[in-house]
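So the structure is just underneath, and the comments pick up after that.
A, B, ... follow the sequence lines: proteins, then strands. Residue 1 opens every chain. These figures come from a predicted structure and were not determined experimentally.
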Amino acid sequence: MADTLKRSQNLEKNGAYIGGKGFCPQRDSEPEFKNIEGQCREFYPEGELNLVRKRRWYWEIAAEDLVKVADFCFNTLGCRFSTATGEDTPRGFTILYHFSIDRLGLLINVRVILPHDDPQVDSLTVLGQGFEWIEREIHEMLGIGFRGLGDTRHLLLPDDSPEDYHPYRRSFG
Amino acid sequence: MLKGLKKAALARSLWIYHVAASPCNNCDIEILDLLTPRFDVERFGLLLAPSPRHADLLLVTGMVNKKVLDRVLRVYAQIPKPCVVAAVGSCAISGDLFVDSYNFAGPLDKHIPVDVYIGGCPPKPEAMILGVVRAIEKLKKLKDL
Amino acid sequence: MAELERKIIPIGPFHPLQEEAEYFKLKVEGEKVVGLDIQLGYMHRGHEKICEGKTYDQIPFVVERICGICSTSHPFACVQAIEDAAGIEIPPRAAYIRTIVGELERIHSHLLWAGLAGHFLGYNTVWMWAWKYRESVLEISELITGNRNHYAMFKPGGVRRDIEGGMIPPLLATLDELDKKLTMLTKAVLDDPVLHKRLEGVGVLTREKAIEYSVEGPTGRASGLKIDVRKDDPHAAYDWVEWEEIVCQEGDVFAKTKVRLLECLESTKIIRQCLGKLKDLPEGEIDARMERGPDGEGIGRYEAPRGEVFHYVKGDGSMYPVRYKIRAPSSMNIKSNEVAVLGSSVADAAITLAAVDPCYCCTERIAAFNTKGKFLYNWNDLVKLSQEKTARMGGGS
């Protein structure tokens, strides 16, 4: 006990802020989760919100409303953007945006489905710089166009790859 | 007589140039580990050279991917011969689990001649020291010095 | 007004390979850095596509080889994603063993960074000491798992090897030794006046910019963001032991150093508590067998030494995944260098770019150009400038 106290005092002397000890009760509080669910359903009732597990929600929305919903998650709910997954499925090109509410450990995964023949969606770089690289990667790997994405250079593939070289498409190889 | 002197001088203190051709960095960290107090190869005169033009031994780590292949070939062209090339780690030797990848440009010995193969994932520092010893022996045996 | 230009000819022959070393392109005007351009692709190996062709018990081996320094973080997130998709609960003994291996890797990774940072600043003694103490961590890893890195300990449902009773006393002895050395190293680094002058106020990333760029890990915690996946998303044994999150407010390189070094001390605390609890659990129960592949989507996250590692898996009931997504933490953190390095002098560029803790190989490919596009310094020159500045201030060894 005395050792823990001395350690805490040393940490504070070095300018560190002591976070919660063990687990924090706010993280698991049911009313918080219900509150966030209520806000999501109220903001965009047309979407399909699926609470698959306590901390993993999947929200399918229309591609035109992407910027509106992403702005709600990023600014209103205060999420941190984790990453985005692009996939070639029989329903179309799917992009799954993963937003994380860190104080609850909750992941809200926003899904948009784009048609196979002309996949285009609005870029989210209007909200912040953290979206740029993943959009560039999805653009080169799947060939999806992002309206408003300024920098469309290759991120990972060699610069001299041909125009229609998209490794993540099911028709590749 | 001059030939014997040249051979002795070449094999005594090897300067190493290290090229990282898209590795996972584990082999590179073990190479740097050789310089730290536990293994300490600097007492044998082995140093990391600042430029390929000073190097006698080329260490290549990583599976060679298409973007980096060009750089590896250029570095190899710049090293003054005779030199010894060592492929470090199973990625450089054969591609390991990346053989199916679309970005794989072939194992190292498809592009440049390799003299020493140091296997492992990652090879332990003791294995790398053994590999360097083999490289020195190979240099001593070179006839066309 | 004439533009101030300074050109340093690198010592040694100028090799014509410089135009290839374009991973980070610093735009320099006189002494100040005014822009940064980042190019990637030299390390792209196509892991996501490879994983689609492997079964669920082969995938942890594939993802382990993404990075050699945080080699346990990727399998950790991977098995959690598969368990999340399949709805499997792991036995408690497996949770404690996973935590121990994860924390050992954290100590070794932070010591590695401390050594490299010391080298870039000109404190070669710090480099040698930090890597010498790191060797004892690698030895215990070899005792428990069989390898210094790439442990291959994880499988969906549990762990592959047990920590037997006979391994615990040498482990505890090494931890005691390590605690003393870590405390000494932390005090030596945090109390040095030259390091304070050198690192405080350098490479500042403000809280607002940190949120805009979505940074995480020690980089985010040094800028005042209280995020740590170990506390936020409950997994393994992190909820069952007592430990503290380290958050600083300044956002400069000194804060990042503080966060990393103090985290190592917290890690030894966690490992000790886990070892204490292992004694009460029966040996051998380390695996909840996974009978069939998951049907559905699963997400696994883990706090690697560099930040949050994110894995997403989508299965359809067979033994092969349909889609596998991997996101390493450096993808989000490296981009924040665009704002952190602006306005600093060229001598500080080396340490600022390295403070985010990118993979060592990636830092090798940094070069500085003036605003007209003329090449000025390569990575070795930047490190040399940094070491010379420390020597001018009276520090370094």
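- Within the 4.5 angstrom heavy-atom criterion, only side-chain atoms of Ile50(C), from C-beta onward, approach chain B.
- Separating the CG atom in Asn25(B) from the OG atom in Ser71(C) is a distance of 11.5 Å, to the nearest 0.5 Å.
- At a 4.5 Å heavy-atom cutoff, the contact between Glu142(C) and chain B is made by side-chain atoms alone.
- Interface check for chain B: of the options Lys132(C), Arg45(C), Glu135(C), the most heavy-atom pairs under 4.5 Å are formed by Arg45(C).
- The distance from atom CG of Asp33(B) to atom CG of Leu138(C), rounded to the nearest 0.5 Å, is 6.5 Å.
- Side-chain contact between His119(C) and Leu32(B) is absent, with no heavy-atom pair separated by less than 4.5 Å.
- Remark: Trp129(C) CH2 is loosely packed, at most 12 non-hydrogen atoms of other residues, nucleotides or ligands lying under 6.0 Å away.
- For Phe104(B), no part sits under 4.5 Å from any heavy atom of chain C, backbone or side chain.
- Of the atoms belonging to Cys121(B), heavy atoms from both backbone and side chain fall under 4.5 Å from chain C.
- Residue contact with chain B, scored on non-hydrogen atoms closer than 4.5 Å, involves the backbone and the side chain of Arg65(C) alike.
- Few gaps surround OH on Tyr76(B); more than 12 heavy atoms of other groups in view lie less than 6.0 Å from it.
- Closest non-hydrogen pair, Ser101(B) versus Gly46(C), comes out as OG-CA, 4.0 Å.
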Stepwise side-chain contact (heavy atoms from CB on, under 4.5 Å) check, Ile29(B) with Arg134(C): CA-CA 12 Å; Ile29(B) 300 298; Arg134(C) 196 180 144 249; 3.4 Å; yes
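- Closest non-hydrogen pair, Leu97(B) versus Phe61(C), comes out as CD2-O, 4.1 Å.
- With salt bridges taken as basic N to acidic carboxylate O contacts below 4.0 Å, one links Lys54(C) and Asp100(B).
- There is no contact between Lys66(B) and chain C, counting heavy-atom distances below 4.5 Å.
- What you find for Pro122(B) and Asn147(C) is that their closest heavy atoms are CD-ND2, 4.2 Å.
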